[in-house]
Amino acid sequence: MLSERRQFRILYRDFLHRVVDLEILSAGGEAQNLLVQFAALLASFSLVLVIVLSPSYRMSRLPIDRLLVAAWGDEVFLIGTTIAVVGIFTLLAWNALLPERRDSVVLGPLPVRLRTIFLAKSAAVATTLGGAALAVNIFTGFAFPTMVNPGGNNFSGVWRCLFAWWITMAAAGLFAFCALQAMQGLASQLLSYRWFLQFSGMLQLAGFFVILGVYFVMPSFATEAKLAAPEHQRLLAWLPSYWFLGLFQKLAGSTSPLFAPLAARAMRNLAIAAAVAAVTYVLAWHRNIRRIVEQPDIQPGDRGRPASRVGRFLVIKLFPQPIDRAIILFTARTIARSRQHRLMLAVYGGVGLPLGATFVKNFLMGATNERWDRTN
């Protein structure tokens, strides 16, 4: 029999190749190539950001205190990008976070300890998400902190700023992962396995919309007046990018009183999300392996239920032509039953709707006097 260490290495490589949902791959595609392409794309994005942002800081004639305040907007953008990237990768790895039917049916009868499977899958997920966070910060993570260092060219100040930046990015990415994992873990413990599979797909779909929507339409509060304004405090409580802006500023040595409550909120919410995610993750591995075998998978819905009858009645009233009704019902049932189609809808809708909202952002925020229904 293979040693536990060798079993771990074999399982780790296998889980790493399928940690991202294989349903998004084309026929004949390879997960390893997909991950490499994602990493290269994120690293290229980081390099472009350094090229674009560097001149505005290196050639600026602003005093250091005003330059640091002007950098808050870029810091929020970079933190929000890290949160969005880790969140998207978490959603792409959604079905690999918790034990699957394949893990139970294939690995269950083998002489492999549950602890080995648990550690191998956890290590594979951590490698993928850590690699995504590292790739998107590989250039900005070393260049940007040196440009916004409060101590100027002071050697110890540069190192402190670098340390603060990477700690902040790690904390922001960890929060995004733990928050999504906590939601999925709670659902897995509160619902039967059949209902969890159905609800989990809706959670994944909603996650794409929320993460990309917040990323594209997040309002800008990166000034002293807006951060201190009482009318903005309720909204700031729901924007993680600003929490971790406060955390970075406190770690970098800022003495502004604006950042203490934001940093405290970041640490508190990170601790809550991490605790809930850890507890539900362990419980899922302890309980779900048995429940997967004992309970059925997703089954076709009962068309005699009141909800189904109401849905068909509305479709008939809204779409009198039989061909239209057939298309609508077929599409709805395909989305409900097919994980691949739900994922495609989540990706395209999660990108398309926030982009559309971005174009009407000025109307939503009341920043323009133009009418939305007139061509400008």
Side-chain angles (χ1 to χ4, degrees), residues 15-16 19-20 35 38-39 42-43 46 75-94 96-98 118-138 140-142 144-145 161-188 203-204 207-208 210-212 214-215 218 236-252 259 261-285:
F15 288 141
L16 190 61
V19 67
V20 174
L35 294 176
F38 270 135
L42 294 175
S46 179
E75 292 166 10
V76 169
F77 169 72
L78 293 173
I79 293 171
T81 299
T82 299
I83 293 175
V85 167
V86 174
I88 292 300
F89 267 80
T90 302
L91 292 171
L92 290 177
W94 189 252
L97 299 179
L98 299 180
F118 170 81
L119 292 176
K121 176 161 280 196
S122 301
V125 172
T127 300
T128 303
L129 298 181
L134 177 63
V136 79
N137 289 287
I138 190 64
T140 55
F142 292 101
F144 192 75
C161 202
L162 279 170
F163 176 79
W165 185 261
W166 282 102
I167 289 293
T168 301
M169 291 302 175
L174 183 62
F175 171 78
F177 167 73
C178 289
L180 293 170
Q181 172 62 57
M183 290 192 299
Q184 188 187 34
L186 286 173
S188 73
L203 273 181
Q204 185 186 27
F208 274 104
V210 170
I211 291 175
L212 292 173
V214 171
Y215 180 72
M218 182 174 60
L236 285 172
W238 292 93
L239 297 175
S241 298
Y242 288 94
W243 309 344
F244 291 99
L245 169 67
L247 179 62
F248 168 69
Q249 291 293 331
K250 294 302 293 183
L251 292 176
F259 298 115
L262 293 174
R265 187 177 290 126
M267 296 304 297
R268 183 188 67 233
N269 292 344
L270 175 59
I272 294 173
V276 175
V279 171
T280 55
Y281 190 62
V282 173
L283 287 176
W285 276 93

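Computed from a predicted structure; not experimentally measured.
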Counterpart residues, side chain to side chain donor-acceptor pair (under 3.5 Å), relative to Gln181 (two or more places apart):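 Side chain to side chain donor-acceptor pair (under 3.5 Å) check on Gln181 returns nothing, list empty.
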
Contacts of Thr280 that satisfy side chain to side chain donor-acceptor pair (under 3.5 Å) - sequence neighbours left out: none

Mutual orientation of the aromatic rings belonging to Phe175 and Phe244 [parallel < 30°, tilted 30-60°, perpendicular > 60°]: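 Taking Phe244 first and then Phe175, their aromatic rings sit tilted (interplane angle of 30° to 60°).
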
Mutual orientation of the aromatic rings belonging to Trp285 and Phe118 [parallel < 30°, tilted 30-60°, perpendicular > 60°]: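 Trp285 vs Phe118 ring planes: perpendicular.
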
List the residues meeting ring pair (Phe, Tyr, Trp, His ring centres under 6.0 Å) with [X], not counting sequence neighbours, and say none if there are none.
X	result
Phe77	none
Phe177	none
Trp165	Phe144, Phe248

Does the side chain of [X] reach to within under 4.5 Å of the side chain of [Y], using non-hydrogen atoms?
X	Y	answer
Trp238	Val214	no
Ile88	Leu212	yes
Met169	Leu78	yes
Asn137	Phe142	no

Which atom names give the shortest non-hydrogen contact between [X] and [Y], and what distance separates them?
X	Y	answer
Gly87	Ala176	N-CB, 4.2 Å
Gly80	Ser241	CA-OG, 3.3 Å
Val86	Gly173	CG1-O, 3.2 Å
Ile211	Ala84	CG2-CA, 3.8 Å
Ala135	Ala39	CB-O, 3.8 Å
Ile79	Ala172	CG2-CB, 4.2 Å

Measure the spacing between [atom1] of [X] and [atom2] of [Y] and express it to the nearest 0.5 Å.
X	Y	atom1	atom2	answer
Gln249	Cys161	CD	SG	8.0 Å
Leu270	Trp243	CG	CH2	10.0 Å
Thr82	Leu174	OG1	CG	13.0 Å
Leu236	Leu245	CG	CG	10.0 Å
Ser46	Leu134	OG	CG	9.5 Å

Residue pairs passing the side chain to side chain donor-acceptor pair (under 3.5 Å) test where at least one lies in residues 119-132, sequence neighbours excluded: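 Output for this query lists Tyr12-Thr127, Glu100-Lys121, Asp103-Lys121, Ser122-Tyr281.
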
Could you pull out all residues at least two apart from [X] that satisfy side chain to side chain contact (heavy atoms under 4.5 Å, CB included)?
X	value
Ala271	none
Ala132	Leu42, Val85, Phe89
Ala43	Ile138, Phe139
Leu251	Ala164, Ile167, Thr168, Leu247

Selection residues 263-277 - residue pairs positive for salt bridge (Lys or Arg N to Asp or Glu O under 4.0 Å), sequence neighbours left out: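 Listed by first then second residue: nothing to list.
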
